[in-house]
Amino acid sequence: MVSGLTNAALGPPDYAKALVQHRQYVVALESCGLEVLVLEPDEAFPDSTFIEDTALLTAHGAVITRPAAPSRAGETTAIRPVLEGFFRRIEEITAPGTLDGGDVMQVGRHFFIGLSARTNRTGAEQLIAILTGFGMSASTVPVTQTLHLKTGATCVAEQTLLAAGGLVARPEFSALTILPLADEQAGAANCIAINGRVLLPAGFPQVRQQLADQGLAVLEVDISEFAKLDGGLTCLSLRF
Ligand code: CIR
């Protein structure tokens, strides 16, 4: 993973520290009541720890994505057999569509799909058609300031987003409650809401308070080594 893609000028990750943080992340998920299946490392793909980008898992079926970064293109091959153990219905994004799972944000029964440097309109349209076929709905949101949609906004409670930068005032989110982040706290936008708790990246005490003020139970998880590769909390797992 030390050879993973990055735009962050934070230096290379410390691999030993990353392994410890990954174990702590798994423990945090388990403490929220989840059962966690940890896959074998895939040394051929340095970014494969960011497994969220390879698939979208829904209550009605799974979708294998088509990651845009050339070095990540083969990651989905190893995911299919794993998903086959859990899902009867598995759809797939196909060329020329590209889509990274980090661009897909579920809010209730609706999915927002970020149009980003990684997810193109064709990929988004394919996903909208698939989700509509699953009996769910989806729509697009432009993403210009962050790698993925969920780098800048995540759903932390029912119909409620924690959002940063240009995503705070997007008209697509006008029906939702937005908890805005100050610019210097933007790194906290990628949270995971699980079973009544919110996993928050460590190091953002103000945001911790902001979430606590909403009555949310917060659990901090340090993922500093993954942030060096532009990764956040959601990227490290597929949750269903
Ligand atoms: C990449 O550039 O693809 C990885 N270094 C980071 C992926 C982060 N994934 C995510 O936000 N879902």
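In listed order, ligands and their atoms are each counted from 1. Here the structure is a predicted model, which means the values were calculated and not measured.
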request  = Give the residue, atom name and distance (to 0.1 Å) of the protein heavy atom nearest atom 6 (C) of ligand 1.
outcome  = Leu229 O, 3.2 Å
Donor-acceptor pair, side chain of Ser71 and main chain of Ala69, under 3.5 angstrom = no
query = Would a 4.5 Å heavy-atom cut-off, applied to side chains only, mark Ile93 and Ile130 as touching?
reply = yes
inquiry  = Pairs of nitrogen or oxygen atoms closer than 3.5 Å, one from Arg118 and one from ligand 1: do any exist?
reply    = yes
ask   = Hey, do the aromatic rings of Phe87 and Phe240 have their centres closer than 6.0 Å?
value = yes
key: Glu52 N/O under 3.5 Å from ligand 1 N/O   = yes
query = In terms of residue, atom name and distance, what is the protein heavy atom nearest to atom 4 (C) of ligand 1?
reply = Asp47 OD1, 3.2 Å
message = Which label fits Phe112 and Phe173: parallel for a plane angle under 30°, tilted from 30 to 60°, or perpendicular past 60°?
response = perpendicular
Gly102 neighbourhood, listing ligand 1 atoms whose heavy-atom distance to it stays under 4.0 Å = 12 (N)
ask   = Any N or O on Gly231 sitting closer than 3.5 Å to an N or O of ligand 1?
value = no
task = Around atom 7 (C) of ligand 1, find the nearest protein heavy atom and jot down its residue, atom name and distance.
result = Asp53 OD2, 3.4 Å
inquiry  = Using a plain distance cutoff, I'd like to know if Cys235 has any nitrogen or oxygen under 3.5 Å from a nitrogen or oxygen of ligand 1.
reply    = no
request  = Give yes or no for whether the N/O distance cutoff of 3.5 Å, strictly under, is met between His148 and ligand 1.
outcome  = yes
query = Looking only at distance, does Thr234 have an N or O less than 3.5 Å from an N or O of ligand 1?
reply = no
request  = Could you name each residue pair satisfying side-chain hydrogen bond (donor to acceptor under 3.5 Å, both in side chains) that touches residues 77-88, not counting sequence neighbours?
outcome  = Arg80-Glu92
Nearest non-hydrogen partners of Ala227 and Ala8, listed with the distance = O-CB, 4.0 Å
query = Sequence neighbours excluded, which residues qualify as side chain to side chain donor-acceptor pair (under 3.5 Å) partners of Glu225?
reply = Lys228
Backbone N/O of Asn120 and side chain of Thr98: donor-acceptor pair under 3.5 Å = yes
key: Polar proximity ligand 1 side, Asp230 side, N/O cut 3.5 Å exclusive   = no
